[in-house]
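Please read the structure below before turning to the comments.
Below, each value reflects all heavy atoms present in this structure, side chains not excepted, and no hydrogens, waters or symmetry copies. Treat the numbers as computed from the prediction; the structure is a model and nothing was measured.
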Amino acid sequence: MLHGRGDSPAPFAALAGRLRLPCTAALVLAGPIAVPFTEGGREWFINIDPDTFEAIDPTAPGERRRVDSMDHTVRQVMGLLE
């Protein structure tokens, strides 16, 4: 289970336990990047410029931070599954 931006895995872990699905395991992961100004919120790729706290414009020429951070996250998750 993957949480949304600014959330944490805790509610999803609780949900997985309450579902009580037979012969089923749940994998609940936390996004690798902390979301500023939240109480433990996480995200899967960088969305906010850490210097300006403005949203990163993915259409800006040469802008790769979001794509590069998502590639990094995908590699981390794939490493867990190998």
Hphob cluster co-occupancy, V74 + V77, side-chain heavy atoms under 4.5 angstrom: yes

Stepwise side-chain contact (heavy atoms from CB on, under 4.5 Å) check, D71 with Q76: CA-CA 9 Å; D71 286 344; Q76 287 182 319; over 6 Å; no

Joint cluster assignment, F45 & L80, ILVMFWY side-chain distance < 4.5 Å: yes

Residue pairs passing the ring-ring contact (aromatic ring centres under 6.0 Å, His included) test where at least one lies in residues 57-82, sequence neighbours excluded: none

For a quick test of your reading: what N or O donor-acceptor pairs under 3.5 Å do the side chains of residues 12-29 make, sequence neighbours left out?
| from | atom 1 | to | atom 2 | distance (Å) |
| --- | --- | --- | --- | --- |
| T24 | OG1 | P22 | O | 2.9 |

side-chain hydrogen bond (donor to acceptor under 3.5 Å, both in side chains) partners of R65, counting only residues at least two apart: D49, E63

Shortest non-hydrogen separation from H3 to R42 and the atoms involved: CE1-O, 3.3 Å

Residues in side chain to side chain contact (heavy atoms under 4.5 Å, CB included) contact with P61, at least two apart in sequence or another chain: none

Counterpart residues, side chain to side chain contact (heavy atoms under 4.5 Å, CB included), relative to D57 (two or more places apart): T59, A60

Separation of M70 CE from N47 CG (nearest 0.5 Å): 10.0 Å

All N/O donor-acceptor pairs, side-chain side in residues 32-41, below 3.5 Å, sequence neighbours left out:
| from | atom 1 | to | atom 2 | distance (Å) |
| --- | --- | --- | --- | --- |
| T38 | OG1 | V35 | O | 2.8 |
| T38 | OG1 | G41 | N | 2.9 |

Non-neighbouring partners of P11 that pass side chain to side chain contact (heavy atoms under 4.5 Å, CB included), sequence neighbours left out: D7, S8

Student check: side-chain heavy atoms of I46 and I56 closer than 4.5 Å: yes

All side-chain hydrogen bond (donor to acceptor under 3.5 Å, both in side chains) counterparts of D68, not counting sequence neighbours: R64

